[in-house]
Amino acid sequence: MPDILPDMAIQWQQFEKIWLNLIQRYGYQECRFPTMEETALFKRSIGDVTDIVEKEMFTFEEKGKGGKSISLRPEGTASCVRLCLEHGLLHNQQQRLWYMGPMYRHENPQKGRYRQFHQIGVEAFGYPGPDIDVELILLTKRLWEALGIKETVRLEINSLGSSEARQAYRLKLVEYFNQHLEVLDEDSKNRLEKNPLRILDSKNPAMQSVIADAPSLLESIDEESKNHFEAFKQALTDNGVEFVVNPRLVRGLDYYNRTVFEWVTEELGAQGAICAGGRYDGLVDMLGGKSTPSVGFAMGIERILLLQQLKGMTAEYDVDGYLVTVGEKAHIEGICLAEQIRSNCPNFKLIMHANSGSDSFKSQFKKADKSGAKLALILGETEVEAKAVGLKFLREDKAQVTKTWHELPAFLNEWQQNQEEN
Ligand code: HAM
């Protein structure tokens, strides 16, 4: 469960800003739900025989008699559906929602895989057509462009068909793999009866040729799902989105049907999926609501930021001014002046040197420089007498100037505007 230090937090903030702007432009609304729920919710939604539920949940018993089993959320879709049902958000209504926050999975940590990680999830309820599937892809593509990682990610898609078609396919698959038992590893043998589709996901090199010859899911899906998939692919092409159909993409959560997709990169080793999702038309019904077509995805923020770092993209705190003072009187005046600047120059980022009674002028300047500030504002006894302030340009080749307190806000606002324009 990694800490996020200040020099990383700035990259998170930059990412969140870009995200917020983008998702509002598509008309989605945010919802927030607790980091834990009853374990039963996750078991029913994600599926009993999945890695997440079998091995990865942080689960504990609530204290007291009849205490319930509670789990830290391993993902957000189940909680989001629970929230909608509990508050009646799906009564004859469509919803376009998103959420962000930490998720918890007890996996072996490695680069790009953590036990506490952060997802942004998007869920659309009440839209049956492939147009909304496409919208989700288009908004993620726009995000990769804004983040500067578009060139390093690839879209993989598949269709799992209806749950009936999937059931029939499952039987076919069990029959096929039963004829090749000698090639299957222990993990896959365990999955054979419980969740045979997941065998298609195996990375074991010894099993690849058997997997390649397995019956194809796409060929087994129902007519309606085929049409949905064709329309989805056509709309992607119409909008200039490149994609690869990966017939072995089955996803590790049981609630999916029809469209599934993953945005993947080669640059993060085994943790290549940065964003994944699909349709889950049966989940709302299964959790006690009225049958509601649903589709969504979630992206792993840590993986996206890692990808940006690998491409050499970093973010830095942006400081405009640093106020240094000489002597006790100037320091007291300095605090008032700093507040006046904050009132009158709303975009000016100013650090007020604290503790200047004991810090020399030189050491204050060193701190000003280290802070990244572009301007040092200097307040000594003479300046206080004159109700003025000295301005030293720390990053520009310009002579120091003096401005009265009265002139200062207009000067700083204009200076800042020039900085932005250049
Ligand atoms: P998921 O594929 O389990 O789907 O997770 C989505 C994304 O979360 C992954 O593609 C990855 O980027 C990130 N992620 C997952 N596990 C970890 C980890 N241990 N460390 C770092 N990042 C991780 C879901 O969670 C579904 N709820 C997505 C969805 C929403 N489907 C429909 N709606």
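Only a predicted model underlies this, so the values are computations on that prediction, with no experimental measurement involved. Computation of the quantities below employed the complete heavy-atom set of this structure, encompassing side-chain atoms and omitting hydrogens, waters and symmetry-equivalent molecules. Just follow the structure's listing: the first ligand is 1, and inside any ligand the first atom is 1.
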Of the listed options [options], closest to [atom] (non-hydrogen atoms):
atom	options	answer
atom 26 (C) of ligand 1	Trp263, Phe297, Phe261, Tyr255	Tyr255
atom 10 (O) of ligand 1	Ala273, Gly277, Gly300	Ala273
atom 28 (C) of ligand 1	Phe117, Tyr256, Tyr280	Tyr256

- prompt: Hey, does Ser294 sit under 4.0 Å from ligand 1 if you only count heavy atoms?
  reply: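 Under 4.0 Å: no for Ser294.
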
Next item on the list: State if Gly121 counts as touching ligand 1 under the rule of any non-hydrogen atom under 4.0 Å.
Entry: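 Distance cut 4.0 Å: Gly121 fails for ligand 1.
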
Check each atom of ligand 1 against the heavy atoms of [X] and keep those under 4.0 Å away; list them by number with element.
X	result
Arg113	19 (N), 20 (N)
Ile274	10 (O), 12 (O)
Gly112	20 (N), 21 (C), 22 (N)
Glu75	25 (O), 26 (C), 27 (N)
Arg251	1 (P), 2 (O), 4 (O)
Glu107	16 (N), 18 (C), 19 (N)
Gln119	5 (O), 6 (C), 7 (C), 8 (O), 24 (C), 25 (O)
Leu253	3 (O), 4 (O)

Inset, instruction - For the pair Glu123 and Thr77, evaluate side-chain hydrogen bond (donor to acceptor under 3.5 Å, both in side chains) and give the outcome as yes or no after the intermediate values. - result: CA-CA 7 Å; Glu123 317 286 358; Thr77 308; 2.9 Å; yes

Is a donor from one side chain sitting under 3.5 angstrom from an acceptor on the other, for [X] and [Y]?
X	Y	answer
Gln29	Gln24	no
Asp320	Gln416	yes
Asn158	Asn246	no
Ser163	Asn257	no

Handout entry: Closest non-hydrogen atom pair, Arg258 against Arg279
Key =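 Taking Arg258 first and Arg279 second, the nearest heavy atoms are CB-CD, 4.1 Å.
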
Review point. Quick check: does Ile52 get an N/O under 3.5 Å from an N/O on ligand 1?
Key: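 No, no N or O pair falls under 3.5 Å.
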
* To do: Please state whether the rings of Tyr176 and His180 are parallel, tilted or perpendicular, taking 30° and 60° as the class boundaries.
  =>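 Tilted: the ring planes of Tyr176 and His180 meet at 30° to 60°.
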
Practice item. Quickly, which of Leu41, Thr292, Leu287 forms a side-chain contact (heavy atoms from CB on, under 4.5 Å) with Val81? Name it, please. Key: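 Among Leu41, Thr292, Leu287, the one that satisfies the side-chain contact (heavy atoms from CB on, under 4.5 Å) with Val81 is Leu287.
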
(request) Test Asp133 against every option in Ile157, Leu138, Val295 by the side-chain contact (heavy atoms from CB on, under 4.5 Å) rule and name the one that passes. (result)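 For Asp133, the side-chain contact (heavy atoms from CB on, under 4.5 Å) check succeeds only for Val295.
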
Can you tell me the protein heavy atom closest to atom 30 (C) of ligand 1 and the distance?
->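 That would be Thr77 OG1, 3.0 Å.
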
Item to complete: Would you mind checking which non-hydrogen protein atom is closest to atom 20 (N) of ligand 1, with the distance to 0.1 Å?
Response: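 The closest one turns out to be Tyr114 N, 3.0 Å.
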
Considering only heavy atoms, does Cys275 approach ligand 1 within less than 4.0 Å through its side chain, its backbone, both, or neither?
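Cys275 to ligand 1: backbone contact only, side chain stays beyond 4.0 Å.
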
Side chain, backbone, both or neither: Glu123 near ligand 1, heavy atoms under 4.0 Å
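Glu123 to ligand 1: side-chain contact only, backbone stays beyond 4.0 Å.
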
Query raised in the report: Can any side-chain N or O of Ser71 pair as donor or acceptor with the backbone N or O of Arg73 at less than 3.5 Å?
Result: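 No, Ser71 side chain to Arg73 backbone: no donor-acceptor pair under 3.5 Å.
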
### Message
Here's one to test your reading of the geometry: is the NZ or CZ of Arg105 within 45 degrees of the ring axis of Tyr114 and under 6.0 Å from its centre?
### Response
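No.
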
